[in-house]
Amino acid sequence: MSDQEDESYGEDDNNADSELDVDDKYAGNNDDEEDHDNEEQNDEDNEKEMDEEEEDEKVRDVPLSNEMLPECLSLLCKTGDGLAHAFVRLDASEKELTDIKILSSYIYLRYVDLSKNNLRDISPLNSLTHLLTLKADFNKLTSAKLDELPYLQAASFSNNNIKTLEGVGHPMLEQLNLNVNNISVISGLEQDRLMRLHTLHLRGNSLTSLIGLDLPNLKVIDLEANKIRSLKGLDMLKNLVKLLLSENLLESLDCSEDVPKYLEHIDLRSNNISELVEIKHLGKFPSLKVLTLAENPISEQEDYRMEALVVVTTLDRLDEDDYTQDEKLEAKQVREERLIEEQQQQEEPKLEEEEQEPEEDQEQEPEPDADPYEFTE
């Protein structure tokens, strides 16, 4: 075999990101409302569990076997020591598999696709210490927990029944897809073992808050189609560039003053934002260029488009429409006029105070002492 046919780990690393196609399919303020949401969620969970139990009775046992492997394996490459060759790619998708124990001995696999099976346990993958990309979408997993895989760069577990983020800690992991699962609380993320994670997909879960996202190196996060009501916790994402929060339950955009200073793109489509004054909170983001607020009550107000540009001076696009140069000039003029008005309002109380200062009491001159030599009758 020629050197061109052999692939090095470095070349595999460059192709790792392209191996993972993120699946974008997803289903989908008072205490009374929250209780109602919780009751609905519990009903949905119970129905889902009953459906799963009924489905389990119909699922037949299908282990991955030696007879099936030849059609699943491909890409023959040198092993790490360069002394032998091994297949490094496995595509065992859509096989109705329930068992992959056999894979524990295929330690040189780098690219594994187990999507669209009936798997509940992927622990045999703990032996695959050369793994670069993993796809386990559309299975029956309740956890994404694996031992630390030192070279894993991209992992996708969308459309399962995963309820926790615990056990996801791989030092080289850059992309993680957990779309359409049953995660309601962000907990268990190990920041020190996810230092290279830059893209996280959590679309179509049951999250109500951003609290727990302590991932300062994250650049893109997809939280669409959840039940998030607040931006509290956003300050922990120091290097965030793109935030997707459409189809949530946001009514206010109030957030900490310590916002991600590199955030350029925010999608807030289909929330419950109704007051024009909420846009002022977005003026805290010094790098914001692209904003989506369509399908919110606020987008029906007359001055909505201009007000957004007046407040967020860095905006280039609102709701898929770029701002024209004329709009930017008009917004600049409005800002200058408001600034003058604010200055005048600040000066007026000072002038009134000066005018109302009491006049100083005039000092009366003392009467002169009587002259002792003055003649008196």
Side-chain angles (χ1 to χ4, degrees), residues 198-199 210 216-224 228-355:
H198 61 67
T199 302
L210 303 180
N217 294 322
L218 201 68
K219 295 187 182 298
V220 178
I221 187 165
D222 183 353
L223 294 163
E224 296 183 354
I228 295 171
R229 297 176 178 273
S230 168
L231 295 180
K232 187 177 180 181
L234 188 59
D235 55 310
M236 302 304 294
L237 302 172
K238 302 294 185 185
N239 290 293
L240 197 65
V241 175
K242 188 173 184 179
L243 173 63
L244 304 178
L245 274 170
S246 67
E247 298 181 51
N248 277 279
L249 302 175
L250 290 168
E251 295 182 0
S252 172
L253 300 179
D254 191 15
C255 56
S256 167
E257 295 294 331
D258 187 20
V259 298
K261 61 182 179 180
Y262 304 112
L263 190 56
E264 297 180 357
H265 184 146
I266 302 179
D267 187 346
L268 298 167
R269 180 178 54 84
S270 295
N271 277 272
N272 298 325
I273 303 162
S274 59
E275 300 296 330
L276 204 59
V277 70
E278 292 298 327
I279 294 180
K280 70 178 182 180
H281 298 298
L282 299 178
K284 301 174 184 177
F285 298 92
S287 303
L288 187 57
K289 296 179 180 178
V290 179
L291 175 63
T292 303
L293 283 166
E295 300 177 37
N296 279 275
I298 191 176
S299 64
E300 299 175 3
Q301 298 195 31
E302 183 178 354
D303 298 330
Y304 149 72
R305 182 172 173 82
M306 180 53 60
E307 185 64 22
L309 185 57
V310 170
V311 175
V312 187
T313 62
T314 55
L315 270 188
D316 289 330
R317 186 192 307 165
L318 178 67
D319 298 339
E320 306 304 324
D321 293 322
D322 290 345
Y323 279 105
T324 65
Q325 192 61 34
D326 288 342
E327 286 178 310
K328 290 184 177 181
L329 290 173
E330 182 182 349
K332 182 180 179 181
Q333 183 177 355
V334 173
R335 281 194 297 272
E336 291 174 349
E337 290 174 355
R338 289 185 183 178
L339 182 61
I340 293 172
E341 289 178 3
E342 289 175 3
Q343 290 175 344
Q344 290 175 345
Q345 290 174 357
Q346 291 174 358
E347 291 174 359
E348 285 177 2
K350 294 180 181 179
L351 293 174
E352 291 177 359
E353 288 178 5
E354 291 176 359
E355 292 175 356

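Please read these numbers as outputs of a predicted model, since none were measured by experiment.
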Enquirer: Out of the candidates Arg305, Met306, Arg317, only one should pair with Tyr323 under the side-chain contact (heavy atoms from CB on, under 4.5 Å) rule; please name it.
Expert: Arg305
Enquirer: Report, one line per pair, each donor and acceptor closer than 3.5 Å where one atom sits in a side chain of residues 274-288; sequence neighbours left out.
Expert:
from, atom 1, to, atom 2, distance (Å)
Glu278, OE1, Ser252, OG, 3.1
Glu278, OE1, Leu253, N, 2.9
Lys284, NZ, Cys255, O, 2.5
Ser287, OG, Lys261, O, 2.7

Enquirer: Output the distance between atom CG (Asn217) and atom NZ (Lys219), rounded to the nearest 0.5 Å.
Expert: 7.5 Å
Enquirer: Can you name the one residue among Gln343, Glu337, Glu341 that meets side-chain contact (heavy atoms from CB on, under 4.5 Å) with Leu339?
Expert: Gln343
Enquirer: More than 12 heavy atoms of other residues, nucleotides or ligands under 6.0 Å from NZ of Lys289: yes or no?
Expert: no
Enquirer: Show the nearest heavy-atom pair for residues Leu293 and Leu291, with the distance to one decimal.
Expert: CD1-CD2, 3.8 Å
Enquirer: Show the nearest heavy-atom pair for residues Leu223 and Ile228, with the distance to one decimal.
Expert: CB-CD1, 4.0 Å
Enquirer: How long is the gap from CD1 on Ile221 to CG on Leu234, to the nearest 0.5 Å?
Expert: 9.0 Å
Enquirer: Give the table of side-chain donor-acceptor pairs shorter than 3.5 Å for residues 236-243, with sequence neighbours excluded, one pair per line with atom names and distance.
Expert:
from, atom 1, to, atom 2, distance (Å)
Lys238, NZ, Asp235, O, 3.2
Lys238, NZ, Asp258, OD2, 2.6
Asn239, ND2, Pro216, O, 2.8

Enquirer: So which heavy atom on Leu245 is nearest to which on Leu231, and how close?
Expert: CD1-CD2, 3.6 Å
Enquirer: Quick one: pull up CD in Gln333 and CD in Glu330 and give me the separation to the nearest 0.5 Å.
Expert: 7.5 Å
Enquirer: Looking only at non-hydrogen atoms, find the nearest pair between Leu244 and His265 and report the distance.
Expert: CD2-NE2, 4.4 Å
Enquirer: Return yes if a side-chain donor-acceptor contact under 3.5 Å exists between Asp319 and Tyr304, otherwise no.
Expert: yes
Enquirer: Which distance, rounded to the nearest 0.5 Å, do you find between the CD1 of Ile298 and the CD of Glu251?
Expert: 12.5 Å
Enquirer: Going from OG1 on Thr292 to CG on Leu268, what distance comes out if it is rounded to the nearest 0.5 angstrom?
Expert: 8.0 Å
Enquirer: Measuring only between side-chain heavy atoms, which start at C-beta, is Val310 closer than 4.5 Å to Asp303?
Expert: no
Enquirer: Would you call Asp316 and Lys328 a salt bridge, taking side-chain N to carboxylate O under 4.0 Å as the test?
Expert: yes
Enquirer: Work out which heavy atom in Asn271 is nearest to a heavy atom in Glu247; give both atom names and the distance.
Expert: ND2-N, 4.0 Å
Enquirer: For Arg229 and Leu250, which heavy atoms make the closest approach, and how far apart are they?
Expert: C-CD2, 3.3 Å
